[in-house]
Number of protein chains: 4
Amino acid sequence: MVKVAVLGATGYAGADLVRLLYHHPDVELTLLTSESFAGERFSQVHPQFKGLVDERLHSLQAEAVPEEVAVVFCALPHGKSAPVIPELLQRKLKVVDLSADFRLHQPLLYQQWYGWTHPTPGLLASSVYGLPEIYAADIKQARLVANPGCFPTGAILALAPLASERLVDWDSVIIDAKSGVSGAGRTPRPGFHFPDCTENFKAYRVGNHQHTPEIEQELARLAGEEAVRVTFTPHLVPMIRGILSTVYVSLPDRSLEELYALYEDFYRDSVFVRVRREILPETRLVRGSNYCDLALRVDQRAGRLIIISCIDNLVKGASGQAVQNMNLMLGYPQEKGLTQVPL
Amino acid sequence: MVKVAVLGATGYAGADLVRLLYHHPDVELTLLTSESFAGERFSQVHPQFKGLVDERLHSLQAEAVPEEVAVVFCALPHGKSAPVIPELLQRKLKVVDLSADFRLHQPLLYQQWYGWTHPTPGLLASSVYGLPEIYAADIKQARLVANPGCFPTGAILALAPLASERLVDWDSVIIDAKSGVSGAGRTPRPGFHFPDCTENFKAYRVGNHQHTPEIEQELARLAGEEAVRVTFTPHLVPMIRGILSTVYVSLPDRSLEELYALYEDFYRDSVFVRVRREILPETRLVRGSNYCDLALRVDQRAGRLIIISCIDNLVKGASGQAVQNMNLMLGYPQEKGLTQVPL
Amino acid sequence: MVKVAVLGATGYAGADLVRLLYHHPDVELTLLTSESFAGERFSQVHPQFKGLVDERLHSLQAEAVPEEVAVVFCALPHGKSAPVIPELLQRKLKVVDLSADFRLHQPLLYQQWYGWTHPTPGLLASSVYGLPEIYAADIKQARLVANPGCFPTGAILALAPLASERLVDWDSVIIDAKSGVSGAGRTPRPGFHFPDCTENFKAYRVGNHQHTPEIEQELARLAGEEAVRVTFTPHLVPMIRGILSTVYVSLPDRSLEELYALYEDFYRDSVFVRVRREILPETRLVRGSNYCDLALRVDQRAGRLIIISCIDNLVKGASGQAVQNMNLMLGYPQEKGLTQVPL
Amino acid sequence: MVKVAVLGATGYAGADLVRLLYHHPDVELTLLTSESFAGERFSQVHPQFKGLVDERLHSLQAEAVPEEVAVVFCALPHGKSAPVIPELLQRKLKVVDLSADFRLHQPLLYQQWYGWTHPTPGLLASSVYGLPEIYAADIKQARLVANPGCFPTGAILALAPLASERLVDWDSVIIDAKSGVSGAGRTPRPGFHFPDCTENFKAYRVGNHQHTPEIEQELARLAGEEAVRVTFTPHLVPMIRGILSTVYVSLPDRSLEELYALYEDFYRDSVFVRVRREILPETRLVRGSNYCDLALRVDQRAGRLIIISCIDNLVKGASGQAVQNMNLMLGYPQEKGLTQVPL
């Protein structure tokens, strides 16, 4: 049994992480922190855990992460991880950071898209982008893994096989993404108040969502380009969990059969990517699981390839991917503790 | 055209009232107030009204209600109406108060159930309880109408025919009520945050909801009793609008046919009560309308009568009933401006 | 009072039409037909109408449309209107057809996209496409109006100002549309069974939805092109009503301000189009109303214009637009009976 | 590894059973049957299982249950189990039957409440009612376990401690139950069509639901009464999973503290019952888990005890309870494979 700590355990991503770690056969939860609820039991904040995870929450300010911890999960809000992580690394702890703080390699992008100056830009180069389907080898060696954002996970997996084969006309890429409401976090706010949110559909942050540079950085790397530009538009679906991305790109000079073969080959060893020919992905088919379902369709008339990808934004888009990264860092099979059938 | 003012126009009940008054053929909206949004346009706060109701919101503190106003609707939070209404009455304005501040006749009940001391207990006796199906004659003469609460409206209409015939065994009455989420108001709070509220069902304030004494007061009056006691349990349904109440009472010595005849007779002139034999009421069948649908069922084995009532909590449970009261106060047919087909 | 008939009154579009016609101050419902429910009362099939529309449903096979009817609304399933309408026209009746049967001008397209041979191709040329924001003058003179499809309404209104100014790069147009479930009709089917449909999001008919040629036909006409090709992808949102379309097109050589001015100018006299600068459209802001809300956003980095349009698929996408067409055909103001505030 | 068979694997309860059995560490799925989908793969019918359970479905008519099967789960429709089970028992197989066919001990009740004549009334006496919190000892010895209905599970667990202490005034018992839509099965029908079911709340089968005699039989047995009568009213909540029961009973001569102590004592060894003092149960807090959450509240004014119980209707109300029964029959700890944290 390895001991792990979760910093920021009471947000949606943190709590879903606790759920998965509780089920993990080789893991023991040693420290759960929360600044808002320090002193309370975890199951007082998330009453579904009563009798399962009744541990007390500690303030990170007051407590040190114990020596014997193998992996620290950092599920703090964006901007709160960066000041905390350097000390953890100095203490030789392995870290999976679920925030955006170590995902981008160019410090300037934090200024531009997040509105703050990165306090430890020197560390950006040493973090590994935690998308195991692409960077498994690096993740196994990493001390700091930057767990991908939910939208980038779905979008990058949708385009990675094409990008790595240089089959993408970058001027043509549009990612029209639709997310459940848990992506907005657990703080009540007007747009997410039930009567204003149910029976409603809307777009938001059109043309300026902070996941855009993350998607572009990774796609450029896959394609061996210096930089690429994509249009990314997020929408809000009245459901709890799930992201479906509809990705448009100019039809490469390949048949649909060849394209499917390319995708199946690219993801041959990726246990959590299901390339589907027989159906179109639906968010319910991955709910509560670590799967990414993908399908391809051709619009021959307009000369476009349409790629549909589905994930559970809290699992493959956050907590499940974090556990998958931990498994790799610890030398476990990457699916350990992650075999949940979609509910 | 009569001129009306709405104080507290931006809450859910206030906004639904503006919607109905906008459609009313004989009404002109003259003053809309809001303390939180004073200075903004109504359609900035409720963007669905753009091009329809673009009037500016005023602070009640700063503005006087104009002389020529025929009826003032007071949709302020509970406890905020009581200090405001005396002055309106002194100025000879007619008032429909949507808060609870003038519904109860015994001042002590405000202490007991609402936790505050009523500032003008002397006015309680002069307010008329605004349930037009029962008090139409009084409402026509009234200067101050206390618009009933949403749960009491459904519960009282379910029991009124029985109560007025003295057919109720008061020890047996249970009102198990289920409400949509708009009843909780438009301020975001944890229990009403979409991901915690959708796909969920719960009871709340079991045994101590503040609508209990209002229900008891009115049922006692109908029955000619000094006091009656009922059990009232509210629940929260993951939907926007609607209240369904399942009301249990010992089976009176009457056949189902006789009971239906009693209800149909009692509500013969009530255009907004539909006594239904052929179906059980569903909240969708009254959505957006001022109807109260009622049905009766007998559990012969257990000796119980079960009455099901459905209203739209924002319309018959608030704004629609307020307009119905205004119509009576102004001598209009009570259905004027209220003939919306359920959506 | 003019008399109207509704053929196929019990489907979702038909019933919503009955709702609007019931409210229309100058209309009397004279004949409601239904093959499935002939003999029953309308309010037995749609119990929310009890006490409002209790008329009996007739079989169209058995009944003739009365002489004195001014307008016949044909809300029959696709393919069922074409055989019925010629006789109505011969009898000099005015017809608004809500099916797709007279929307396309090239008979071959019915073969290709709907899979049947049009029985009266000769009539296609004489029907007027019923989008009042563009063809009001023609509609006023028309005997047969083909009411637009729900997706085409939202898509065409989003692009019409650009198209008519020849500002569209037709190779770049993508219409990513999201619809509520009422668009699928009222026959229970697996994909629309509540437990499989709620908490779910999916795409369907990717690249081959039958509304594609309708959108292309009308956009080509506006642009003065022989033919245009667009990519159109529909998705299913777990809500009852509403369509939001996210439309992508290469950024024309205009500033956002100039583009907004173009749209505002184009829709200056269109009472049901609201060009919105201050907010992004949301489906709830048009729910139950005949509005189409539009907003523009520029993705400068990727060189794209993004247009968001929202309608209620049953109202502006079907019944409301049909009433708007009737108003024009009868010489009424087009908003008569259609001033509902979004609910 | 023990081998198990699931007859009727494609309904909601059957599929949820397959999900749990797939996770169970000591179980191997050997035979899955379906009459409607024989020949197809399980993951074609339930695409979320792709890559997990791809086994082919067999027709029970054509296939025999293999010798080596330890436990057969019968998830066939009501009335379809009774003809099949005798042969399984003759072959010395252990059976958990999820239908109602062997729950009631008096054959006449099948006539009265289900409308059919029981084909093997002689077997009714030998089946064990599979509520492990009460009958664990019997279940361990049983060859045929009748898995309880979903409503009875929640209702009986709510009342069992009181009933076994003879503290129930049986004339006073009302069970007002609210269920998610998955309880209605996976066949599309009008009342469960998304647009008619979402944003709606209704009661159904008032006073005549077939779970009534099952509840009464078990409560009478617990209380040592010959027969008891309760009022049971089911309602439909627009959500997928969950049942909340609000149970009313005359307040026994005990304090709330004493009553809580009684419940905690009664369920001391029941790992899946959580007696909750600090919160009221909500269906989301048990979603996807095998828990039953219980809370007590006193309405002192009206002299009533109100018990709230919550289960996931598909898990503790069907599949999870079936696995719990299998665990007992095979000598495993009852929680084996059932430790899912609520999602």
Side-chain angles (χ1 to χ4, degrees), chain B residues 170-174 176-180 191 195-208 212-213 216 228-233 235-244 246 248 250 279-285 287 295-306 308 310 343, chain D residues 170-174 176-180 191 195-208 212-213 216 228-233 235-244 246 248 250 279-285 287 295-306 308 310 343:
Chain B
W170 290 104
D171 283 344
S172 74
V173 179
I174 291 173
D176 191 282
K178 299 87 174 175
S179 174
D196 294 337
C197 186
T198 195
E199 277 287 309
N200 190 33
F201 187 86
K202 65 178 171 188
Y204 65 99
R205 307 207 61 175
V206 176
N208 62 11
T212 312
E216 291 177 344
V228 303
R229 289 278 170 272
V230 302
T231 288
F232 166 61
T233 315
H235 301 76
L236 194 69
V237 185
M239 62 182 184
I240 304 174
R241 286 166 177 256
I243 288 177
L244 183 143
T246 312
Y248 300 92
S250 289
I279 57 154
L280 286 170
E282 308 183 19
T283 60
R284 73 182 174 99
L285 301 180
R287 189 191 303 153
L296 311 176
R297 291 295 182 270
V298 166
D299 181 353
Q300 203 72 55
R301 301 166 60 260
R304 278 199 187 82
L305 175 63
I306 302 167
I308 312 252
C310 268
L343 185 64
Chain D
W170 290 104
D171 283 345
S172 74
V173 179
I174 291 173
D176 190 283
K178 299 88 174 175
S179 174
D196 294 335
C197 186
T198 196
E199 277 289 308
N200 191 32
F201 187 86
K202 65 177 171 188
Y204 64 99
R205 308 207 61 174
V206 176
N208 62 10
T212 312
E216 291 177 344
V228 304
R229 289 277 170 274
V230 303
T231 289
F232 167 62
T233 315
H235 302 76
L236 195 69
V237 186
M239 62 183 184
I240 304 175
R241 287 165 176 257
I243 288 176
L244 183 144
T246 311
Y248 299 92
S250 289
I279 57 154
L280 286 171
E282 308 183 19
T283 61
R284 72 183 174 99
L285 301 179
R287 188 191 302 152
L296 311 176
R297 290 295 182 270
V298 166
D299 182 353
Q300 202 72 56
R301 301 166 60 260
R304 278 199 186 83
L305 175 63
I306 302 167
I308 312 250
C310 266
L343 186 64

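Heavy atoms only: backbone and side chains are in, while hydrogens, waters and symmetry mates are out. On a predicted model such as this, the values are computed, not experimentally measured, just so you know. Here is how names work: the chains are called A, B, and so on, in the same order as the sequence lines, proteins then strands, and each is numbered from 1.
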Chemist: Flag the one option from D/Arg297, D/Gln300, D/His235 with the top tally of heavy-atom pairs under 4.5 Å to chain B.
Modeler: D/His235

Chemist: Hey, could you give me the CD/SG distance between D/Glu282 and B/Cys197, rounded to the nearest 0.5 Å?
Modeler: 9.0 Å

Chemist: Please report the interatomic distance CD(B/Glu199) to CZ(D/Arg287), rounded to the nearest 0.5 Å.
Modeler: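 Between atom CD of B/Glu199 and atom CZ of D/Arg287 there are 5.5 Å.
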
Chemist: Can you name the nearest heavy-atom pair linking D/Thr212 to B/Arg301, along with the distance?
Modeler: CG2-NH1, 3.7 Å

Chemist: Output yes when B/Asp171 and D/Arg304 qualify as a salt bridge under the 4.0 Å nitrogen-oxygen rule, no when they do not.
Modeler: no

Chemist: What is the minimum heavy-atom distance between D/Ala302 and B/Thr231, and which atoms define it?
Modeler: CB-OG1, 3.2 Å

Chemist: With a 4.5 angstrom heavy-atom cut-off, could you sort out which part of D/Pro281 is near chain B: side chain, backbone, both or neither?
Modeler: backbone

Chemist: Is D/Val173 close to chain B through its backbone or its side chain, or both, or neither, when contacts mean heavy atoms under 4.5 Å?
Modeler: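 Just its backbone gets close to chain B.
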
Chemist: Out of B/Leu280, B/Asp299, B/Val206, B/Asp176, which one racks up the most heavy-atom pairs below 4.5 Å with chain D?
Modeler: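 Maximum pair count with chain D is reached by B/Asp176.
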
Chemist: Heavy-atom pairs under 4.5 Å with chain D: which of B/Thr198, B/Leu285, B/Ile243, B/Val237 has the most?
Modeler: B/Val237

Chemist: Among the options B/Leu236, B/Asn200, B/Ile240, B/Thr283, pick out the one with the most heavy-atom pairs lying under 4.5 Å from chain D.
Modeler: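 Going by pairs under 4.5 Å, I would pick B/Asn200.
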
Chemist: CG of D/Leu244 to NZ of B/Lys202: how many Å apart, nearest 0.5 Å?
Modeler: 11.5 Å

Chemist: At what distance, to the nearest 0.5 angstrom, does CD1 of B/Ile308 lie from OH of D/Tyr204?
Modeler: 12.5 Å

Chemist: For D/Phe232, which residues count as a ring pair (Phe, Tyr, Trp, His ring centres under 6.0 Å) partner, sequence neighbours excluded?
Modeler: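 Checked D/Phe232 against ring pair (Phe, Tyr, Trp, His ring centres under 6.0 Å); matches are D/Phe151, D/His209.
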
